[in-house]
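Numbers here simply count residues along the sequence, with the first being 1.
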Amino acid sequence: MGKQSSLSVVTSGVWLLSGVLLLSFTETRAYGFGRCPNYPSMPKFNMSRVLGHWYEVERSFYLPEIASGCTTFQFQPYNKAEQSKFANFKLAVAIKNINRITGNPNVNIGYATPENSRSSIMDFKFTTRFPDVIARLLPGSGKYQVLYTDYENFAILWSCGSIGSLGYSDQIWILGRDRDFEVDIRSKVYDVLKRLSLDPERLIISKNKNCPEAL
């Protein structure tokens with residue numbers, strides 16, 4: 001009887017821990033049971049056409065960004081020698097935003113390494129003094145994927161993490177070459193998301209009003 005009680009307590013504790021982990025995901029990202037969906041790399045992906053300045057137009061809810069606005073992404077070759085050399089192509093990434101509460105600007109610098117020169121799947125790490133083994137564990141570091149882009153107007157950036165086979169959580173960013181979309185471009189973005197079984201209703205409009213021109 002004592003052993004059964006102990007087993008019951010342990011089992012309850014495991015389920016409670018699982019519930020807490022999944023609940024913590026719902027506060028920041030969408031989640032599902034099982035492992036992350038496996039999306040293939042975008043066909044005929046051209047990394048060089050992704051380079052340049054992008055604005056965050058929409059995104060799924062993400063608690064760490066709740067006070068952020070005017071978010072921009074800058075992608076460029078990690079060094080000039082790699083601009084025309086696509087073997088082991090690496091991107092320097094600068095993410096800038098404004099804290100809407102304090103008004104202070106914020107800049108995060110990192111780099112993204114694609115799986116290969118034609119892959120839209122990349123590993124991102126922030127530039128830090130920490131060793132790589134620690135840098136990989138920092139919030140925001142991990143695997144990211146350009147699910148689809150037309151290069152000229154929009155790009156759909158996606159990231160997903162799994163807790164073993166218990167479940168997964170994912171995040172979506174919709175980037176644009178301008179701070180907002182025309183109706184037809186937004187409609188196209190939503191159509192692509194639906195084909196990928198990603199719900200556009202998850203998205204919120206990014207805060208892009210009264211942004212400084214420098215961003």
Side-chain angles (χ1 to χ4, degrees), residues 28-29 36-60 62-65 68-99 104-162 168-179 206 208 211-212 214-215:
T28 57
R29 303 179 175 189
C36 289
N38 184 20
Y39 295 111
S41 177
M42 178 179 162
K44 300 181 180 179
F45 181 69
N46 187 337
M47 181 65 77
S48 65
R49 295 184 64 190
V50 174
L51 299 179
H53 200 73
W54 293 87
Y55 300 94
E56 181 191 86
V57 181
E58 298 188 37
R59 59 174 169 78
S60 51
Y62 188 37
L63 192 59
E65 295 183 14
S68 298
C70 304
T71 302
T72 64
F73 293 73
Q74 183 75 28
F75 301 103
Q76 59 187 31
Y78 194 69
N79 59 54
K80 292 183 179 179
E82 290 185 344
Q83 190 154 1
S84 58
K85 175 183 162 187
F86 287 90
N88 300 317
F89 191 83
K90 187 186 291 186
L91 289 178
V93 182
I95 306 170
K96 301 179 182 180
N97 57 48
I98 297 290
N99 186 303
N104 294 330
N106 182 54
V107 181
N108 289 302
I109 305 296
Y111 61 92
T113 307
E115 291 183 333
N116 57 64
S117 61
R118 292 292 181 182
S119 177
S120 66
I121 304 170
M122 59 199 80
D123 186 60
F124 175 78
K125 287 187 290 188
F126 286 107
T127 300
T128 174
R129 295 179 180 178
F130 293 119
D132 276 0
V133 67
I134 297 178
R136 290 178 180 274
L137 301 176
L138 293 177
S141 296
K143 187 167 287 189
Y144 290 77
Q145 183 170 352
V146 178
L147 294 178
Y148 186 81
T149 179
D150 67 353
Y151 304 104
E152 302 297 327
N153 298 290
F154 73 91
I156 300 173
L157 185 64
W158 179 76
S159 181
C160 186
S162 299
Y168 69 86
S169 63
D170 71 346
Q171 179 73 16
I172 308 167
W173 293 266
I174 308 299
L175 309 184
R177 292 296 189 182
D178 296 305
R179 290 196 188 275
S206 299
N208 281 325
C211 296
L215 287 179

message: As a test of understanding, state which of Thr72, Leu157, Thr149, Thr71 forms a side chain to side chain contact (heavy atoms under 4.5 Å, CB included) with Trp54.
response: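 When side chain to side chain contact (heavy atoms under 4.5 Å, CB included) is applied between Trp54 and each of Thr72, Leu157, Thr149, Thr71, only Thr149 qualifies.
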Residue pair [X] / [Y]: nearest heavy atoms and the distance that separates them:
X: Cys70; Y: Asn208; result: CA-OD1, 3.5 Å
X: Val146; Y: Met122; result: CG2-CE, 4.1 Å
X: Ser206; Y: Glu56; result: OG-OE1, 2.8 Å
X: Pro37; Y: Trp158; result: O-CH2, 3.5 Å

With sequence neighbours excluded, tell me which residues meet side-chain hydrogen bond (donor to acceptor under 3.5 Å, both in side chains) with [X].
X: Asp150; value: Asn153
X: Gln74; value: His53
X: Asn38; value: none

Heavy-atom donor-acceptor pair, [X] side chain to [Y] backbone, under 3.5 Å:
X: Gln145; Y: Pro40; value: yes
X: Ser159; Y: Lys143; value: yes
X: Ser162; Y: Cys36; value: yes
X: Ser41; Y: Ser120; value: yes

query: Parallel, tilted or perpendicular for Tyr148 and Phe154, by the 30°/60° rule?
result: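 Plane angle between 30° and 60°, so tilted.
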Hey, could you give me the [atom1]/[atom2] distance between [X] and [Y], rounded to the nearest 0.5 Å?
X: Leu147; Y: Phe45; atom1: CG; atom2: CZ; result: 10.5 Å
X: Tyr144; Y: Ile121; atom1: OH; atom2: CD1; result: 14.5 Å
X: Ile172; Y: Ser60; atom1: CD1; atom2: OG; result: 5.0 Å
X: Ser68; Y: Ile98; atom1: OG; atom2: CD1; result: 9.5 Å
X: Ile95; Y: Asn106; atom1: CD1; atom2: CG; result: 9.5 Å
X: Met47; Y: Tyr151; atom1: CE; atom2: OH; result: 9.0 Å

message: I want to know whether Phe73 and Trp173 have ring centres closer than 6.0 Å.
response: no
- prompt: Can you list the steps and then say if Leu51 with Leu91 is a side chain to side chain contact (heavy atoms under 4.5 Å, CB included)?
  reply: CA-CA 9 Å; Leu51 299 179; Leu91 289 178; 3.2 Å; yes
- request: Could you please spell out the steps behind the side chain to side chain contact (heavy atoms under 4.5 Å, CB included) verdict for Arg49 and Glu152?
  value: CA-CA 8 Å; Arg49 295 184 64 190; Glu152 302 297 327; 3.5 Å; yes
